Amino acid sequence: MKKIAVLTSGGDSPGMNACIRAVVRTSIYHKVSVVGIKRGYDGLIDGDFIALESKSVSNIMQRGGTMLKTARSKRFVTKEGMQEAYYNLKKHDVEGLIVIGGDGTFKGAEEFGAMFNFPVIGCPGTIDNDLIGTDYTIGYDTAINTVVEAVDKIRDTAESHDRLFIVEVMGRDAGLIALRSGIGVGAEAILIPETKRDVNTMMERLERGRKDKASKIIIVAEGEEAGGAFEIAEIIKKKFSQTYDIRVSILGHMQRGGSPSCMDRVLASRMGFAAVEALMAGRKAEMIGIINRDIAYTPFAQAVKHIEDLNPQLLRMVDILSL
Ligand code: F6P
């Protein structure tokens with residue numbers, strides 16, 4: 001393999017830059033030249049390619065976002081889009097592709113790789129941590145630390161005013177950000193789509209809790225079935241508006257930004273490094289993951305969302321610890 005390409009696709013996540021750096025430097029070490037594709041699959045279709053050298057990735061490790069930019073491409077799902085993408089790769093003599101993104105990225109990669117028998121390897125970059133085949137995805141650790149920092153601040157004001165706060169966090173239809181950050185901030189309750197908890201039952205449990213603990217933090221995953229934070233606030237207000245002064249806080253896209261944590265930088269470096277060596281070893285249509293500290297390879301077809309796979313003991317623990 002003489003030349004490979006790398007792109008980032010889907011929602012950005014902190015650590016993507018560290019992954020790009022690892023891909024570039026590992027390729028150079030193996031005397032493989034590397035091009036970056038701007039704006040994900042859209043840039044692949046438009047032929048938006050840039051040559052990457054060792055110095056192109058200097059000083060990016062600590063930066064959030066992605067130096068290659070990203071997009072959720074609507075054109076890549078079409079046959080014409082994929083054909084144009086393949087044509088551009090051939091035109092630039094690219095023999096292998098590394099895609100950094102989430103499950104939408106891998107679905108596209110799987111289809112594309114099968115259609116043109118083109119080697120593609122994926123690195124999981126998403127704050128949601130909702131993929132099979134890796135213990136953690138690039139960006140998740142930074143995102144939960146961002147949530148913890150924000151909610152600690154909310155706790156200060158909640159405590160001063162004796163208020164109940166409903167804090168909505170990201171995670172599309174997975175509750176992993178909510179669960180882990182909720183434990184980290186000592187939330188009184190966590191609502192996630194995987195468990196389908198009834199809001200009124202949750203409130204009755206809080207009512208039975210300590211009376212000397214005036215502030216309450218409820219962490220809600222954006223994909224929660226009962227609705228987003230505002231809808232849940234309405235349900236609570238119906239029964240408990242006399243008891244609680246309720247406020248809503250939606251953390252939003254700040255969860256996707258910021259300098260990556262050391263965990264994410266190391267994870268991203270290992271995955272980018274392994275992705276290049278996987279391509280060189282003739283592997284394709286697989287996502288690089290790390291399971292129990294070791295590199296793992298999962299076929300794209302299996303690296304889909306795992307939305308039910310949460311440890312119920314953790315939620316039981318939250319109920320006990322927040323009494
Ligand atoms: O997949 C990452 C994520 O941040 C989800 O948690 C969220 O639902 C989604 O992306 C938001 O996407 P966008 O930035 O395109 O609105």
Side-chain angles (χ1 to χ4, degrees), residues 7-19 38-43 63-66 68-77 99-109 122-151 166-182 184 190-194 219-232 248-261 264 267-268 271 287 289 300 303-310:
L7 60 80
T8 48
S9 158
D12 63 339
S13 67
M16 280 182 161
N17 281 328
C19 192
K38 304 292 289 286
R39 299 176 292 107
Y41 292 131
D42 277 348
R63 301 212 182 120
T66 158
L68 290 176
K69 297 186 182 287
T70 185
R72 297 190 194 280
S73 177
K74 292 203 170 65
R75 287 183 287 156
F76 195 65
V77 295
V99 295
I100 308 166
D103 75 321
T105 302
F106 299 149
K107 271 182 204 137
C123 292
T126 165
I127 62 164
D128 297 347
N129 201 32
D130 59 349
L131 295 165
I132 287 174
T134 191
D135 292 339
Y136 297 106
T137 56
I138 299 165
Y140 173 65
D141 183 65
T142 307
I144 54 178
N145 280 300
T146 300
V147 172
V148 165
E149 201 185 325
V151 179
I166 301 161
V167 182
E168 185 180 304
V169 300
M170 274 188 166
R172 213 189 292 265
D173 29 43
L176 286 146
I177 295 177
L179 179 60
R180 196 163 276 246
S181 61
I190 301 172
L191 289 170
I192 51 178
E194 291 87 343
I219 303 281
V220 185
E222 64 176 332
E224 164 59 31
E225 267 199 0
F230 283 108
E231 284 88 349
I232 287 165
V248 166
S249 190
I250 296 179
L251 299 188
H253 284 77
M254 58 114 63
Q255 293 162 90
R256 286 230 300 256
S259 178
S261 66
D264 274 328
L267 188 75
M271 288 175 170
M287 183 196 85
F300 283 142
V304 288
K305 283 173 186 286
H306 64 106
I307 51 173
E308 304 293 337
D309 189 19
L310 284 186

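For ligands, and for the atoms within them, numbers begin at 1 and follow the listed sequence. Computed from a predicted model, the values in this text were never measured in an experiment.
Counting protein heavy atoms only, atom 8 (O) of ligand 1 is closest to Glu222 OE2, 2.5 Å. When only non-hydrogen protein atoms are considered, atom 4 (O) of ligand 1 lies nearest to Arg256 NH1, 2.8 Å. In terms of protein heavy-atom proximity, atom 1 (O) of ligand 1 is closest to Asp128 OD2, 2.9 Å. Of all protein heavy atoms, the one closest to atom 16 (O) of ligand 1 is His253 NE2, 3.6 Å.
For residues 131-143, there are no salt bridge (charged side-chain N to carboxylate O under 4.0 Å, His left out) pairs, not counting sequence neighbours.
The salt bridge (Lys or Arg N to Asp or Glu O under 4.0 Å) check on Arg63 picks up nothing, with sequence neighbours excluded.
Residue contact check: Gly171 has heavy atoms under 4.0 Å from atoms 6 (O) of ligand 1. Close contacts between ligand 1 and Arg72 involve ligand atoms 9 (C), 10 (O), 11 (C), 12 (O), 13 (P), 15 (O) [criterion: under 4.0 Å to a heavy atom]. Numbered from 1 in the order shown, with element, the atoms of ligand 1 that lie under 4.0 Å from a heavy atom of Arg172 read 1 (O), 5 (C), 6 (O), 8 (O), 9 (C), 10 (O).
In terms of modelled atom types and a separation under 3.5 Å, the side chain of Glu149 and the main chain of Thr146 share no donor-acceptor contact. No donor-acceptor pair closer than 3.5 Å links the side chain of Ser181 to the backbone N or O of Val148.
Using a 4.5 Å heavy-atom cutoff, the side chains of Ile232 and Glu224 are in contact.
Note that OG1 of Thr137 is 9.0 Å distant from CE of Met287, once rounded to the nearest 0.5 Å.
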